[in-house]
Amino acid sequence: MKSGKFYFSTVAPTALLLTCAPLLADTLGDDFFVGTYGNGLIFADPDEGVEEPGMKAITFTRTREDDGTFVDPYEVIITDFTGLTSRGEVTNCLMASTPGVYCDSAEGSGKRIKTQITGRDPFGITMRTTASDEYPSVDYFTFAKTSNYTGARMTGFSVELIDENGTSMGELTPENAVLFNLDATAIGLGSKMPEGLFGEGGHEGEIGFFSDTSAGLTKVSLTEDALIFGALTNPDFTTRFGEALLDNTMTPDGLFWDDNGDPSDESALVAWNNLAGGGWTYGTLALPANESARLAELADALGVDVADLDYAPGALVPDDIVAAVEANGLFETAEIEDIRNANLNFTMTVGSLDGGEFTLLVTPSFAPIVEQTTTPYQFKVAGHLDAAANVPYMDLGNAAAYQTAISDLLAMSEDDRAASLEEMGFSFLPAYSSLTFDFSRNQINTITGVLPQTGDTWVVMSSAGAASSWGLGEDTNWLLNVGGGQSSFDTTLYNIGYDTEFTVFSVGAEKQLDNGRSFGVLIGSAQGTADAYDARGSIDADALSIAAFGRAKVGDQGMIQGVIGYQNLSFDSIRSVMGQTATGSTDGSQIFAALKGEYMQSRGNLRFGPMASVEYYNLSVDAFTETGAGIWNLDVGEQSGSMLLGSMGVRGEYMLPQGAGNTMLTGSLAFTLADGGDMMVESGFAGLPGALHPVSGVDGSWVDVQVGFESVLVDQGTTRTTFTGGYFGSFGSDYESHKIQLGLNASF
């Protein structure tokens, strides 16, 4: 263990620092982190042992001796990095909050702060300083990595320093500001792709997979308060991936090899899926001097001869080798994540700050078609249109057509451009789940809200009675129900609105047991259509369902009803896009369930009381690919989501006088709360990587209103036939629905 203090400064000798009137300079202490805001986050990577909040400040600490050996941390005070020639000399830094790792720790030890830019708006990291009266200023080197999660290619980004009021630090005097040290270039200033892909391999290997030359972002402008980075210019990068940093959804797949059985380190990249180049393609696996040994290892792992590999950098992987890889447990297919990552290095000089806080602000930039969007949905669609036009490995022969479309869009008015971009995506995708919600809720309502139940008080069936008056097959009731309805779903931030229409048909039987209990089965079919606003398109759906239900009397006045069912679904869609029509077909299924309770009291011919219910819906729709619209056809991923409804209200029944023909009127009023979270569904131009788009679920609250009647048509001996009907309406700010049902129930 080292002891004592070592002072270094290229600004002034130590003696001068100690004898002159000190400036109130600041440092970054243990509580430096204030928080983040905007479109981004700091990722505390658990796989690398990074602890919250994902970054830490190290001040005046060294662990590496001059001979390169590592020892216990000891204090070395270096306040100015201008004269340093290696990062191994750095004693002050901002880095990932990995325990036991310091500024001068070994390469690959997990020093980089992992930031993710998640949208079009800037991302800020706010920090606080600690006042010090020993040093005029203190330099901090920053180990960072920026990842593109915006949904679009980043054509560049800026890193700015602002004070607590949002004022640029360049407007302040240097001694009262935090500024970039543009003279400390020897230890790193810039942004470039990870060396495992472009460069000398870094800690991941001996050579870059795509290139032995680094791929850096152009330094557009470097000032003391703003670093602006632009296009990538490495030809090995641009010929494959264009000039911009790809989004997370645009990265190619790779074949990764666990070449040492150590799950704690990264697997070796063997090949990548070059969509435009014919598929799986080799990269550079080793330096020429080591190539033979490396290929022998690979062949041995696959159980083939080296010649069978047919290896050459940039060559296609033979089909039989791909098959061997896919069958081998040492290999896996995964995204090449580093394609969307850029390492970022810079040094900040911390002076004395009024208020003691400053913000590091990262602002992404995008292509014009992306910049001119007005909603998050348009932004993502434009981002993938831009990628289809400008990322070479994604060019399936349509890049020129996409570029022409972009030019046409930029020439449109803002409203027309917005509408055209939304057409390019499946903007009414929520209609799949909404149609099935209509189908299933109608089946539930058929059982819990329309079908009469036997009663010992009324001549006709009451919703709270026993089973004394029914007699087919020793207390079996046969039932028939038809209905239809219409619903409206408003436009949301991510999806355009639409109207649905549907019809349903159900048949079933209910067996009466003792003590006011019964169980039954209901088989149903449904057909429906959803029409998107602005003539965007439509979805037709068909369903076959089966449901089991049961009822039980609770005391003299209460009743509980339960339903569980399954629907088999099929869908056909039509989507209007850029003057063409895309069609799609797929299948799906839904599970639905409900539990309803009520407690009724009698006052003459009137029965009334509170009721409550809970409903559950779980939908799955298979992935599909559209046809008919050429380059505008979409691959649409699987849809999977659930929804929970809770209702509370009151229900009433009124028996008309006997002269009215044994008829009962029914009605209910309930407040319903729906929790149908947004689904994330992947979609994109057919054959290309897609983006995850939020698909709005049925969410919010509304009022359910129901009125109906139950009337005995025939009551002769053992034969009784009852006719039922009703209206069921839902009224909310973003959702409205109207349904009518008619039923015929008979025993013989």
Side-chain angles (χ1 to χ4, degrees), residues 26-36 40-64 68 70-81 84 86-117 123-130 138-147 159 161 178 180-181 184-192 194-196 202-204 227 264-266 338 341-350 358-362:
D26 294 350
T27 59
L28 298 175
D30 292 338
D31 64 343
F32 79 101
F33 183 78
V34 176
T36 64
L41 57 89
I42 302 173
F43 177 48
D45 191 345
D47 292 338
E48 295 189 0
V50 181
E51 299 177 345
E52 295 288 351
M55 63 183 294
K56 66 182 179 182
I58 300 293
T59 304
F60 302 146
T61 302
R62 173 173 286 177
T63 62
R64 188 193 307 222
F70 292 95
V71 297
D72 291 336
Y74 62 99
E75 186 175 31
V76 175
I77 298 177
I78 302 178
T79 60
D80 187 345
F81 292 167
L84 302 185
S86 167
R87 293 178 203 166
E89 302 174 83
V90 168
T91 60
N92 321 320
C93 68
L94 288 173
M95 61 180 296
S97 47
T98 308
V101 179
Y102 296 88
C103 309
D104 60 350
S105 292
E107 185 178 13
S109 55
K111 289 185 280 189
R112 292 200 175 276
I113 303 164
K114 295 185 177 181
T115 58
Q116 298 178 2
I117 310 302
F123 168 57
I125 303 174
T126 301
M127 293 169 266
R128 68 169 61 90
T129 60
T130 300
V138 179
D139 277 359
Y140 285 85
F141 183 79
T142 301
F143 297 91
K145 176 181 288 186
T146 297
S147 299
V159 184
L161 290 166
V178 178
F180 295 117
N181 185 344
T185 56
I187 58 175
L189 172 59
S191 180
K192 65 180 183 179
E195 289 193 342
H203 71 279
E204 298 172 355
L227 310 175
S264 65
D265 66 3
E266 296 188 15
D338 272 345
N341 298 334
N343 292 338
L344 178 61
N345 303 314
F346 55 85
T347 298
M348 296 184 298
T349 300
V350 180
F358 70 99
T359 294
L360 192 69
L361 192 69
V362 182

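Just so you know, residue 1 is the first one in the sequence shown, and it goes up from there.
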K111 side chain to C103 backbone, donor-acceptor under 3.5 Å | yes

Hey, does the side chain of S109 reach the backbone of E107 with a donor-acceptor pair shorter than 3.5 angstrom?
-> no

Heavy atoms of F180 and V159 approach each other most closely as CE1-O, 3.5 Å

Heavy-atom pair with the smallest gap, counting every atom of T347 and F81 = CG2-CD1, 3.8 Å

Assess whether side chain to side chain contact (heavy atoms under 4.5 Å, CB included) is satisfied between E89 and V76, documenting all intermediate values.
-> CA-CA 10 Å; E89 302 174 83; V76 175; over 6 Å; no

CE-CZ distance between M55 and F43, expressed to the nearest 0.5 angstrom = 16.0 Å

Rounded to the nearest 0.5 Å, how far does CG of L84 lie from OG1 of T185?
-> 11.0 Å

Between T91 (side chain) and R62 (backbone), is there a donor-acceptor pair under 3.5 Å?
-> no

Nearest-0.5 Å distance that lies between atom CZ in F143 and atom CG in L344 = 12.0 Å

Just by distance, do the side chain of Y140 and the backbone of A57 share a donor-acceptor pair under 3.5 Å?
-> no

Is any side-chain heavy atom of N181 less than 4.5 Å from a side-chain heavy atom of F141?
-> no

CG (L28) and CE (M348) are apart, to the nearest 0.5 Å, by 6.5 Å

Is there a side-chain contact between L227 and L189, using heavy atoms and a 4.5 Å cut-off?
-> yes

Over all atoms of both residues, closest heavy-atom pair of I42 and P53 = CG2-O, 3.4 Å

Is the side chain of D104 donor-acceptor paired with the backbone N or O of R64 at a distance under 3.5 Å, no angle test?
-> yes

side-chain contact (heavy atoms from CB on, under 4.5 Å) partner of I125, chosen from T115, L94, T359 = T115

Mark yes or no for whether N92, through its side chain, and T79, through its backbone, hold a donor-acceptor pair below 3.5 Å.
-> no

Check: K114 and S147 side chains under 4.5 Å, non-hydrogen atoms | no

For S86 and G88, indicate whether the former's side chain and the latter's backbone hold a donor-acceptor pair under 3.5 Å.
-> yes

Do the non-hydrogen side-chain atoms of N345 and R87 ever get within less than 4.5 Å of each other?
-> yes

Please report the closest heavy-atom contact between D26 and V138, naming both atoms and the distance.
-> O-CG2, 4.0 Å

Please report the closest heavy-atom contact between A96 and G110, naming both atoms and the distance.
-> CB-O, 3.6 Å

Can you find a heavy atom in the side chain of D45 that is under 4.5 Å from one in the side chain of R112?
-> no

Regarding K56 and the six-membered ring of Y102, is the cationic atom NZ or CZ under 6.0 Å from the ring centre and inside 45° of its axis?
-> yes

Kindly indicate whether the side chain of T98, heavy atoms from C-beta on, has any atom under 4.5 Å from the side chain of E48.
-> no

Any donor-acceptor N/O pair, R128 side chain to D31 backbone, under 3.5 Å | yes

Output for pair (D139 CG, D80 CG), nearest 0.5 Å, gives 5.0 Å

Interatomic distance, OG1@T129 vs CZ@F358, rounded to 0.5 Å, equals 7.5 Å

Side chains of L360 and F346: does their closest heavy-atom pair fall under 4.5 Å?
-> yes

